[in-house]
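The structure under discussion appears below in the form of structure tokens.
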Amino acid sequence: NKTKIAYSKTLNKGKYDALMQQCEILGTIRSEIWNKFGSINAIGINPYDIQKQWVSEKKFEDLPITATAWKKVLSDTLANIKANYESAKEKIRKDIYQRTKDKEEQKQLYKLLRYNKWQDNPYLRRKIRQYWKRGHNHTYNQLIIRSDLFRQEEKNGTLWISIPSLVKGKPIWIPLTQSNPLPVKIKGDDTTKGSNLRLILKDGIVE
């Protein structure tokens, strides 16, 4: 799907600070996920299994955020970790091609790499260590809002979207520079296409 970008218009400092507070809380969760799953521990894990475990442990219950919020951060962060891993594997494939012209040997190494069975192969283990460095979180300014959890309204020629706040029942309304509605999936309507929102905060502006 093509990414559509919109920007906030004259957002007051109180709303921006409230959004940033959420970003910082979720940023600490991103860091925890990177620390726990940012290396070999991420291989083969199922995000839904982690979700179920953390729900049963009542993880993050002491934080003023919803389970939906941290679940979105979990899936987003694990996707980033996987992309980091796949990028390393792509470099290794190029090295394999340079290392040997034996088609069978290439095929075997590619297969081990593809199915994450490289742990018992000294060459691939060395290459994984060379290219797959443990990552760290540097994102403390983003929110991901599920497509059915934001609303939008047009008022006097300005489009406004509502974002859940840390106070239940009191959403944050953000004015946008555009008047065209954002694509949104209405709850219970399977015919309407919609996307999650990724909010990026920087210098008083929300993208």
Side-chain angles (χ1 to χ4, degrees), residues 1 3-8 11-38 41-42 45-84 135-153 159-176 181-190 192-207:
N1 293 338
T3 299
K4 297 182 183 297
I5 301 176
Y7 297 90
S8 63
L11 184 65
N12 70 54
K13 186 176 185 301
K15 289 183 178 181
Y16 185 85
D17 289 346
L19 291 169
M20 184 59 77
Q21 183 182 4
Q22 290 191 63
C23 291
E24 290 172 349
I25 292 171
L26 295 171
T28 62
I29 295 175
R30 283 183 184 275
S31 293
E32 181 171 343
I33 296 167
W34 268 105
N35 290 338
K36 189 174 182 63
F37 301 110
N41 294 331
I45 62 172
N46 187 324
Y48 296 103
D49 291 338
I50 301 172
Q51 283 187 20
K52 288 191 292 184
Q53 179 183 342
W54 285 2
V55 168
S56 67
E57 294 174 353
K58 298 183 177 180
K59 198 172 180 66
F60 311 126
E61 197 175 57
D62 58 330
L63 297 177
I65 56 170
T66 64
T68 299
W70 67 251
K71 286 177 182 178
K72 282 297 176 187
V73 167
L74 174 65
S75 59
D76 188 57
T77 307
L78 290 178
N80 290 337
I81 292 171
K82 182 179 180 181
N84 191 32
H136 299 281
N137 175 50
H138 302 285
T139 303
Y140 291 89
N141 68 332
Q142 293 189 19
L143 289 175
I144 300 175
I145 309 298
R146 204 172 66 195
S147 61
D148 62 333
L149 293 181
F150 73 88
R151 293 168 51 205
Q152 51 190 330
E153 292 183 7
L159 181 66
W160 295 70
I161 60 170
S162 72
I163 303 300
S165 73
L166 295 177
V167 181
K168 189 175 182 180
K170 292 188 176 182
I172 298 172
W173 284 91
I174 303 173
L176 301 183
L182 300 174
V184 57
K185 182 175 177 60
I186 301 172
K187 193 172 184 179
D189 182 359
D190 293 332
T192 304
K193 293 183 179 180
S195 303
N196 296 328
L197 288 184
R198 181 185 298 273
L199 275 63
I200 303 174
L201 282 66
K202 186 176 181 181
D203 300 329
I205 296 174
V206 179
E207 175 184 320

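Note that this is a predicted model, so its numbers are computed, not measured.
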- Which word best sums up how the rings of W54 and F37 line up, parallel for under 30°, tilted for 30 to 60°, or perpendicular for over 60°? tilted

- Item | Atom pair CG/CD1 of L74 and I50 - distance to nearest 0.5 Å | 5.5 Å

Tell me which donor-acceptor pairs under 3.5 Å the side chains of residues 61-70 have, and how far apart each pair is, sequence neighbours excluded?
unit_1 : atom_1 : unit_2 : atom_2 : d
T66    : OG1    : A69    : N      : 3.2

- Message: Just so I know, are the side chains of D76 and R198 near enough to count as touching, which here means a heavy-atom distance under 4.5 Å?
- Response: yes

- Message: Can you give me the closest heavy-atom contact between W160 and K15, atom names plus distance?
- Response: CZ3-NZ, 3.7 Å

- Message: Donor-acceptor pair, distance only, cut-off 3.5 Å: does the side chain of N137 make one with the backbone of G27?
- Response: yes

- Query: Is K72 reaching over with its side chain to a backbone N or O of I145, donor-acceptor style, under 3.5 angstrom?
  - Reply: no

- Task: Assess whether side-chain contact (heavy atoms from CB on, under 4.5 Å) is satisfied between W34 and N84, documenting all intermediate values.
- Result: CA-CA 11 Å; W34 268 105; N84 191 32; 4.2 Å; yes

- Give a yes or no answer on whether the side chain of Y140 reaches the backbone of M20 with a donor-acceptor pair at less than 3.5 Å. no

- Message: Give me the atom names and distance for the closest heavy-atom approach of L143 to C23.
- Response: CG-SG, 3.6 Å

- Give a yes or no on whether K59 atom NZ has more than 12 heavy-atom contacts from other residues, nucleotides or ligands under 6.0 Å away. yes

- Item | Distance (rounded to the nearest 0.5 Å) between I144 CD1 and K71 NZ | 14.5 Å

Without placing hydrogens or testing angles, list every side-chain donor-acceptor pair under 3.5 Å for residues 161-172, not counting sequence neighbours.
unit_1 : atom_1 : unit_2 : atom_2 : d
S162   : OG     : R151   : N      : 3.2
S165   : OG     : V167   : N      : 3.1
S165   : OG     : V167   : O      : 2.9
S165   : OG     : K170   : O      : 2.4

- Message: Going by side-chain contact (heavy atoms from CB on, under 4.5 Å), name the residues that satisfy it together with H138, two or more places apart in sequence or in a different chain.
- Response: H136

- Shortest non-hydrogen contact from S147 toward N196: N-OD1, 3.0 Å

- Which atom names give the shortest non-hydrogen contact between I33 and I81, and what distance separates them? O-CD1, 4.1 Å

- Between atom CD of E32 and atom OG1 of T77, what is the distance when rounded to the nearest 0.5 Å? 11.0 Å

- Query: Would you say F150 and L199 make side-chain contact, with heavy atoms under 4.5 Å?
  - Reply: no

- Close side-chain approach of R30 and N80, heavy atoms under 4.5 Å: yes

- Item | Rounded distance (nearest 0.5 Å) linking atom CD1 of I5 with atom CD1 of I200 | 8.0 Å

- Message: To the nearest 0.5 Å, what is the distance between CG on N12 and CD1 on I174?
- Response: 10.5 Å

- What do the steps show when you test I205 against L11 for side-chain contact (heavy atoms from CB on, under 4.5 Å), and what is the final call? CA-CA 7 Å; I205 296 174; L11 184 65; over 6 Å; no

- Message: Let me confirm one number: the CD-OG1 distance from E24 to T139, rounded to the nearest 0.5 Å.
- Response: 13.0 Å

- Message: Does any part of the side chain of Q51, heavy atoms only, come nearer than 4.5 Å to the side chain of Y48, both counted from C-beta?
- Response: yes

